[in-house]
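See below for the structure under consideration.
Numbered from 1 within each chain, the chains take letters A, B, ... in sequence-line order. Keep in mind that the numbers below use all heavy atoms, side chains included, and drop hydrogens, waters and symmetry copies. In this text the structure is predicted, and so the values were computed from the model without any measurement.
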Amino acid sequence: MAPTPGAQEKAELRSGFTAATGGSLQALEGLLFAAGTEGLTDRQIAGVFDVDEPAATQMCLDLRDLQTREGRRFLVERLADAWQLMTAPELTPYLRQLALVPPPSSLSQAALETLAIIAYRQPITRSQIEDIRGVKSDKALGTLVARGLAQEIARADSPGRPFLYGTTNDFLDYFGLGSHRDLPPLEQMDHG
Amino acid sequence: MAPTPGAQEKAELRSGFTAATGGSLQALEGLLFAAGTEGLTDRQIAGVFDVDEPAATQMCLDLRDLQTREGRRFLVERLADAWQLMTAPELTPYLRQLALVPPPSSLSQAALETLAIIAYRQPITRSQIEDIRGVKSDKALGTLVARGLAQEIARADSPGRPFLYGTTNDFLDYFGLGSHRDLPPLEQMDHG
Amino acid sequence: MVLIDAIASKEEYRVRLQAFEGPLDLLLHLIESQELDIYDVPIARITDQYMTYLRESMEFQLEVASEFLVMAAQLLAIKARSLLPRHGPLEIQVAYGLDAEYVDDERELRERLIEYRAFKLAAQALGEQSLLWAERIGRLPLPLESFQEQPTVSDFLAGVEVSHLRDSLVRALARTKIDLDVRIVRDRETVPQRMRLIENQVRDAPTTFVHLLRSRRRREIVTVFLAVLELMRLNRIICRQEVQFGDIWITANTANTANTVNTVNMAL
């Protein structure tokens, strides 16, 4: 079934591993099922299984392997530092049939640009955002704050002590990110 | 086909069946996962998979076999007229353990906003909440349910009979309210 | 006819102007639509197109955001300096401060464009990501309240007396509108048998009251119920009911194995 011996060996290793600790992975999946969209942090998982946090992370990754092998249509994902079960993309057509997918609520280009700048450059003031975009951005910023995607996190030391903005945990949820480290790298800007 | 298959043969037949239609069972499990405690009726399942209702029932029973074979800690069960995934008794000790580990964080802005919507507009469905907020709100709603601030109080008469949510007594106690009618009146918002 | 065309064009321009997030976005569009390299396109070369675009927009008396006009002035300044006759290699001009301002202005604008483009691309990627992600859903959590404490059997059953259990069973059976057959209750022989059977059934995995029943006959229900009560009294099993009128979960009391053995020995 496996195309390369390497993959075959890996699968065997894994299934050996699973035979030994499968009960824990199944229990972990059950707990994630119960935790729902609240998710579980590494710390919570570590607490339940009496392991350290890196081991908890590894359990989630192993669970993901198990779910993939067994063809599960919901997978463990890391979102804003919590692990939770989310439907797999393959399920989307079925979800649509049952109208279980909420209608998309997309952000305007202005809001998305402003959000991208905040995400990569936080903490940042409104006027710094406007310098980069070359246009007034108060409206876009207002939308983002109202939607809970950006927030005032401090005040700058510059004259007038303007607000510094940053992204929220809901931002990570909205884009399916585990943390800010998961943002794709910004295109190289020091070319030439 | 043998006229009276033994246990071994039955298992083989079943796993043959699963190999052929495994994708459907996996999709069914995914849909039940997504449908949550609202569950899915035979009719809904039949509609999605384009089969008759007895075949939908049979799919659920086959899924239960598959889940048992794979050692799932949540199993499809029929509750009233809907099928839903419910945690298995083997998970109970883990759930007890989890209940001892405090969850992180306080209420997010999204959760607070969702709570306000539920408080003032109850009973209200999840999709009505999402219509008002303009964003997916399952996470925020999940937080509220998990913290005992919101709960399922009834089912709507609309298609799919989705749950209607309301606030809990704990919510009223926390805010020192006798009932949700004691909430401060909303400002006129129509002039905005 | 001409009028209609003009109106159509005006609408078209309005749409086109609104399609741009600002002067940087417009400049980027002009560069990319001509497949020029942002890293070395002479800014002067796109100035004309920028001015044409702006002039046409203004001819239709559209409101043009001030940012577009500020950028126009900047572009014109850069272009004007680039048209001054050059007297030598750029390095020399810079060394003598002849064109320093022009070089700085152009470099600064180019850097702004490159930076803006990076964020524009990131914004597009985020937009696509959010649409894909919106299609993936989770489920609501189960309230953990029922698991919040680990009540001991005595905590759990505080204040409950066996007579309450009996009364509740009687009430439950009364709902089926069939009289309780007391003769079966007195059939003591089957209860110890059933206790042994139940202990075997729960040894490996918890089960529920309903699962202990092989039939729904009242006779069996009562026997099983009495056996469960007796096993509870002997601390050999733990019973738990998660919701009112829900099924009763029965788990072997493994903490009490030693006692169980003793009890069995004593019984023998």
Side-chain angles (χ1 to χ4, degrees), chain A residues 32-39 74-75 77 79 84-89 91-93 95-96 100-117 119-121 129-137 140 171 173-177 183-192, chain C residues 17-28 37-41 64-72 74-75 107-147 205:
Chain A
L32 288 165
F33 171 84
T37 48
E38 265 286 88
F74 42 90
L75 302 167
E77 300 278 356
L79 268 188
Q84 56 170 286
L85 298 181
M86 299 290 287
T87 58
L91 198 66
T92 303
L95 292 174
R96 285 228 181 84
L100 287 170
V101 179
S105 61
S106 52
L107 292 166
S108 67
Q109 193 193 333
L112 277 172
E113 279 182 20
T114 305
L115 190 55
I117 292 168
Y120 285 93
R121 289 287 163 82
I129 295 168
E130 290 176 344
D131 282 349
I132 294 175
R133 294 192 61 223
V135 284
K136 277 211 165 302
S137 303
F171 161 79
D173 275 343
Y174 191 84
F175 294 101
L177 299 168
L183 279 169
L186 206 55
E187 180 171 302
Q188 288 293 335
M189 291 190 296
D190 49 5
H191 174 110
Chain C
L17 190 70
Q18 283 171 350
F20 295 107
E21 285 299 319
L24 293 174
D25 199 16
L26 173 53
L27 281 175
L28 209 55
D37 184 354
I38 190 169
Y39 293 101
D40 55 32
V41 56
V64 173
S66 60
E67 293 96 345
F68 285 92
L69 301 177
V70 171
M71 176 61 72
Q74 198 184 343
L75 286 170
R107 190 178 61 210
E108 193 202 310
L109 181 56
R110 190 187 308 282
E111 280 169 1
R112 283 188 71 192
L113 274 171
I114 291 168
E115 183 182 44
Y116 172 73
R117 188 180 66 162
F119 284 115
K120 191 183 169 183
L121 291 174
Q124 280 167 0
L126 282 177
E128 285 159 20
Q129 168 102 346
S130 74
L131 291 182
L132 285 178
W133 190 251
E135 293 180 332
R136 300 187 58 184
I137 60 178
R139 52 174 283 141
L140 295 182
L142 306 176
L144 284 181
E145 282 136 47
S146 52
F147 303 103

Candidate pair Gln124(C) and Glu128(C), rule side-chain hydrogen bond (donor to acceptor under 3.5 Å, both in side chains), full reasoning: CA-CA 6 Å; Gln124(C) 280 167 0; Glu128(C) 285 159 20; over 6 Å; no

Backbone N or O of [Y] within a donor-acceptor pair of the [X] side chain at under 3.5 Å?
| X | Y | answer |
| --- | --- | --- |
| Arg133(A) | Tyr116(C) | no |
| Glu67(C) | Gly134(A) | no |
| Arg139(C) | Leu85(A) | no |

Identify which part of Leu121(C) has an atom lying under 4.5 Å from any heavy atom of chain A, answering side chain, backbone, both or neither.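 Side chain only.
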
Interface moiety of Asp25(C) toward chain A, non-hydrogen atoms closer than 4.5 Å: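 When you check distances to chain A, only side chain atoms of Asp25(C) fall under 4.5 Å.
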
Heavy-atom distances under 4.5 Å only: say whether [X] touches chain C with side chain, backbone, both or neither.
| X | result |
| --- | --- |
| Ala35(A) | backbone |
| Phe74(A) | neither |
| Pro184(A) | neither |

Tell me, do Leu109(C) and Met71(C) make a side-chain contact under 4.5 Å, heavy atoms counted?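 In short, these two side chains touch, coming nearer than 4.5 Å.
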
Just wondering, do Leu79(A) and Trp133(C) contact through their side chains at under 4.5 Å, heavy atoms? yes

Could you have a look at Arg96(A), Met86(A), Lys136(A) and say which one has the most heavy-atom pairs with chain C under 4.5 angstrom? Met86(A)

I need the residue from Leu91(A), Leu32(A), Asp173(A), Leu115(A) with the largest number of non-hydrogen atom pairs under 4.5 Å to chain C.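 Most heavy-atom pairs under 4.5 Å with chain C: Asp173(A).
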
Between [options], which residue shows the highest count of heavy-atom pairs closer than 4.5 Å to chain A?
| options | result |
| --- | --- |
| Gly22(C), Ala122(C), Ala123(C) | Ala123(C) |
| Val70(C), Leu142(C), Ile137(C) | Ile137(C) |
| Leu24(C), Leu140(C), Leu126(C), Leu132(C) | Leu126(C) |
| Ala125(C), Pro23(C), Ser130(C) | Ser130(C) |

Heavy atoms of Gly127(C) and Leu112(A) approach each other most closely as CA-CD1, 3.7 Å

Could you give me the CA-CA distance, side-chain angles and deciding distance for Lys120(C) and Glu21(C), then say whether salt bridge (Lys or Arg N to Asp or Glu O under 4.0 Å) is met? CA-CA 10 Å; Lys120(C) 191 183 169 183; Glu21(C) 285 299 319; over 6 Å; no

